[in-house]
Amino acid sequence: MENAVEQSVEEINHSRSNKTQWYKNWKLMSAIIGIMIVLIVSGISFYQANHFNANTSINSIEVSGLTTHDALKRLQSTVLTNKVYIGKELIVDGNDTKMGFTEEDLPAVKKLLKNQWTFFPSFKAKDFSLTPGKQDEYRSVSLKTELEQKLGAMNENLQAPKDAQVTLQEGKITIINGVDGTQYDVASILKEYEKHPFTSEIHLNPILIQPFMEDSQLVKDQEKKLQELLENTVDYKVQDKVYTLKGSEVIQNASVSTDMTVSIDPSTIKDKIAEINNTQSTLRKNFNFTTHSGSVISVKGEGYGWALDVEKEAALVQAAFEKGEKSISASNIHGNGWNNEGYGYETIANNGIGGTYAEVSIAEQRIWLYRDGNLVLTTNVVTGKHSTGEDTSPGVWYILFKRTPYTLKGSAVGKADYAVEVDYWAPFTNSGQGFHDASWRTNWNNNAYLTQGSGGCVNVSPSMMKTVYDNLSVYQPVVVY
């Protein structure tokens, strides 16, 4: 019994000894395996830190397993074919060139290597894009220019797109649908070219010029712009009268550009301005004039009078509608002045002659000077010689200028030329007729003008001429009848 117990204890101790040894062996094996794993991982990490992963390329050039130095050498030795494709079509077959990488690009290659790192090496395909630090003049300038010229030449034979158009035709807003074309959008393709990776072949998308279509917001805005144009009004002031011009009445045809600029056909506006001009202007029209005796006569405007420059005024009104201005005043006035200037625009009273004027009656051989509606003087005169057709010209004129003294030079019937000194001179016709003193004249009778009149001027006696001269002002109307 005792021997059996001792044997059992011995077996137990032996078993315990075996387990302890196994445990020691297991720990040793684990340590060895751990060390091996560390060594393997360290080796892999070291390799990965210095070599590109499998399935890796730069600018589509295979660099799998290469160090950064080797990868750079491969890039340097690669030839670019510089073929440019639009979709699948070869557009430009450029010159072969080297990639142009230098040792200065090594840091950039190293950066790519660093960017590939993962805990375990990746076998996923990766194509890095890298551009040489030194600009490639051929690709950035020459090849790009060739591409631009090629696309431009191709577009000449391709169908241009047509934007939808919103126009005003015969007073109605009309929308013309847009039409697709086949021309290339050169600007957009060149932008894509500039962003393309630095690869041997350049594949670009076939971007076409896109027209604005009838359902676009732009077309809706254009339609709204024209509708507003028709609803707009411009108050057009001529002298003391204001004409309210409605867009719907004076604008029949117009268009709107893509930048919302309105262009108006001015023909209807011209017609309206011409109508206003015919109604209100005085140039070459007869003035109703009340003489000193109270009788009303009709005298044609000659030098004196004004008219609107219809072309320029129509352009003024057109611009007001296009810019959205609400009121304008006439500013382009012309007439029969020396420089085609018109006089009398500012004068409204007395049928456009005003209250300050000179009245000359050929029949009565007398003049009357008025200032602000009041008679300031009257005196007898001698007008142009009737028997030789040198009559003083009837009409409404104006004082061109005043001089004292002055030398009259010219020609007259029976005299090839002459030069006469006068103390005062105030011409009123462009042909040289005017008021002046005539110290040489002895016949001041009422019928002197018939056979002994002047060469067309209004002769005033020397004793009255200074007073006459002092009561005449430049641009003052002179009514001769």
Q) Would you find a donor on one side and an acceptor on the other, under 3.5 Å apart, between the side chain of Gln159 and the backbone of Gly181? A) no
Q | Electrostatic pair Glu194:Lys144 at N-O distance under 4.0 angstrom | A | yes
Q: Tell me, with the steps shown, if Asp221 and Gln217 meet side chain to side chain donor-acceptor pair (under 3.5 Å).
A: CA-CA 6 Å; Asp221 291 342; Gln217 186 60 47; 3.0 Å; yes
Q | Step-by-step side chain to side chain donor-acceptor pair (under 3.5 Å) determination, Gln433 to Thr392 | A | CA-CA 7 Å; Gln433 296 179 1; Thr392 301; 4.8 Å; no
**Q.** Nearest heavy atoms of Gln227 and Ile173, plus distance in Å
**A.** OE1-CD1, 3.4 Å
Q. Is any side-chain N of the basic residue among Lys134 and Glu104 closer than 4.0 Å to the acidic one's carboxylate O?
A. no
Q. What's the spacing between Leu245 CG and Thr268 OG1 if we round to 0.5 Å?
A. 12.0 Å
Q | Side-chain (Asn350) to main-chain (Ile353) donor-acceptor, under 3.5 angstrom | A | no
Q: Evaluate the criterion side chain to side chain donor-acceptor pair (under 3.5 Å) for residue pair Gln165 and Thr167; output intermediate values, then yes/no.
A: CA-CA 6 Å; Gln165 289 185 328; Thr167 61; over 6 Å; no
Q. Would you say Asn59's side chain and Thr199's backbone share a donor-acceptor pair under 3.5 angstrom?
A. no
Q) Excluding sequence neighbours, so at least two apart, what forms side chain to side chain contact (heavy atoms under 4.5 Å, CB included) with Asn339? A) Glu341
Q: Can you spot which of Asn430, Asn336, Val480 makes a side chain to side chain contact (heavy atoms under 4.5 Å, CB included) with Trp397?
A: Val480
Q: Go through the steps to decide whether Tyr481 and Thr291 satisfy the test side chain to side chain contact (heavy atoms under 4.5 Å, CB included), and finish with yes or no.
A: CA-CA 10 Å; Tyr481 61 91; Thr291 69; 3.8 Å; yes
Q. For the atom pair NE2 (His203) and CD1 (Ile91), what is the distance rounded to the nearest 0.5 Å?
A. 12.0 Å
Q) Taking the side chain from Asp127 and the backbone from Ser60, do they hold a donor-acceptor pair closer than 3.5 Å? A) yes
Q) Going by an N to O cut-off under 4.0 Å, is there a salt bridge joining Lys220 and Glu223? A) no
Q.
Can you confirm whether more than 12 heavy atoms, excluding those of His386, are under 6.0 Å from its NE2 atom?
A. no
Q: Indicate the ring-plane relationship of Trp425 and His436, choosing parallel, tilted or perpendicular according to the 30° and 60° boundaries.
A: tilted
Q. For Lys326, does the NZ atom have more than 12 heavy-atom neighbours from other residues, nucleotides or ligands under 6.0 Å away?
A. yes
Q: Kindly give the heavy-atom pair with the smallest separation between Phe435 and Leu472, and that separation in Å.
A: CD1-CD1, 3.7 Å
Q) Ignoring hydrogens and geometry, is there a side-chain-to-backbone donor-acceptor pair from Lys83 to Val92 under 3.5 Å? A) no
Q. Is Gln149 close to Met154 at the side-chain level, that is, under 4.5 Å between some pair of heavy atoms?
A. no
Q) Heavy-atom count around Lys150 NZ within 6.0 Å, excluding the residue itself: above 12? A) no
Q. Can you list every pair that meets ring-ring contact (aromatic ring centres under 6.0 Å, His included) and has a residue in residues 287-327, with sequence neighbours left out?
A. Phe287-Tyr304, Phe289-Tyr357, His292-Trp368, Trp306-Tyr345
(Q) Could you tell me if Lys126 sits above the aromatic ring of Phe128, with its cationic atom closer than 6.0 Å to the ring centre and no more than 45 degrees from the axis? (A) yes
Q: Answer yes or no: is there a donor N or O on one side and an acceptor on the other, between the side chain of Gln183 and the main chain of Asn155, under 3.5 Å?
A: yes
Q. Side chains of Tyr469 and Thr404: closer than 4.5 Å at any heavy-atom pair?
A. yes
Q: Carefully, step by step, assess Met213 and Val219 under the rule side chain to side chain contact (heavy atoms under 4.5 Å, CB included).
A: CA-CA 7 Å; Met213 304 306 282; Val219 172; over 6 Å; no
**Q.** Nearest heavy-atom neighbours spanning Arg366 and Asn380
**A.** NH1-N, 3.3 Å
Q.
Please determine whether the number of non-hydrogen atoms from other residues, nucleotides or ligands lying under 6.0 Å from atom NZ of Lys285 exceeds 12.
A. yes
**Q.** Considering all heavy atoms, the nearest Thr407-Ala419 contact
**A.** CG2-CB, 4.2 Å
Q) Looking at side-chain heavy atoms only, is the closest gap between Leu190 and Glu192 below 4.5 Å? A) no
Q) Would one find more than 12 heavy atoms of other residues, nucleotides or ligands at under 6.0 Å from atom CD of Glu325? A) yes
Q) Would you say the side chain of Glu313 lies within less than 4.5 Å of the side chain of Ser331, judging by non-hydrogen atoms? A) yes
Q.
As a quick check of understanding, evaluate side chain to side chain donor-acceptor pair (under 3.5 Å) for Asn445 and Asn443, giving each step before the final call.
A. CA-CA 6 Å; Asn445 294 326; Asn443 186 355; 3.0 Å; yes
Q: Report the distance from atom OG1 of Thr261 to atom NZ of Lys225, rounding to the nearest 0.5 Å.
A: 8.0 Å
Q: Without swapping roles, check the side chain of Asp265 against the backbone of Ser267 for a donor-acceptor pair under 3.5 Å.
A: yes
Q) Can you find a heavy atom in the side chain of Val468 that is under 4.5 Å from one in the side chain of Leu369? A) yes
Q) Okay, side chain of Asn471, backbone of Thr467: is any donor-acceptor separation there less than 3.5 Å? A) yes
Q) When you check the side-chain N and O atoms of Asn82 and Thr97, is any donor under 3.5 Å from an acceptor? A) yes
(Q) Within the structure provided, determine whether Val381 and Thr383 are in side-chain contact (heavy-atom separation under 4.5 Å). (A) yes
Q) Less than 4.5 Å apart, any side-chain heavy atom of Tyr424 and any of Lys466? A) yes
**Q.** Stepwise side chain to side chain contact (heavy atoms under 4.5 Å, CB included) check, Thr81 with Val79
**A.** CA-CA 6 Å; Thr81 60; Val79 175; 5.5 Å; no
Q) Are Trp338 and Phe401 near enough that their ring centres are under 6.0 Å apart? A) yes
Q) Under the 3.5 angstrom rule, does the side chain of Asp105 hit a backbone N or O of Phe101 as a donor-acceptor pair? A) no
Q: Using the side chain to side chain contact (heavy atoms under 4.5 Å, CB included) rule, take Asn253 and Glu170 through it: C-alpha gap first, then chi angles, then the decisive distance, then the call.
A: CA-CA 6 Å; Asn253 300 287; Glu170 301 300 325; 4.2 Å; yes
(Q) For Tyr398 and Phe428, I'd like to know if the aromatic rings sit close, meaning centre-to-centre distance below 6.0 Å. (A) no
Q. Taking all non-hydrogen atoms of both residues, which atom of Gln476 and which atom of Thr356 are closest, and how far apart?
A. CG-O, 3.6 Å
Q. Between atom CD of Gln239 and atom CG of Leu308, what is the distance when rounded to the nearest 0.5 Å?
A. 8.5 Å
Q) Rounded to the nearest 0.5 Å, how far does OG of Ser57 lie from CG of Leu75? A) 10.0 Å
Q: Check for a donor-acceptor pair, side chain of Arg441 on one end and backbone N or O of Ser461 on the other, with a separation under 3.5 Å.
A: no
Q: Using a 4.5 Å cut-off on heavy atoms from C-beta on, say whether the side chain of Val317 contacts that of Ile273.
A: yes
Q. What distance do Ile276 atom CD1 and Asp271 atom CG have between them, rounded to the nearest 0.5 Å?
A. 11.5 Å
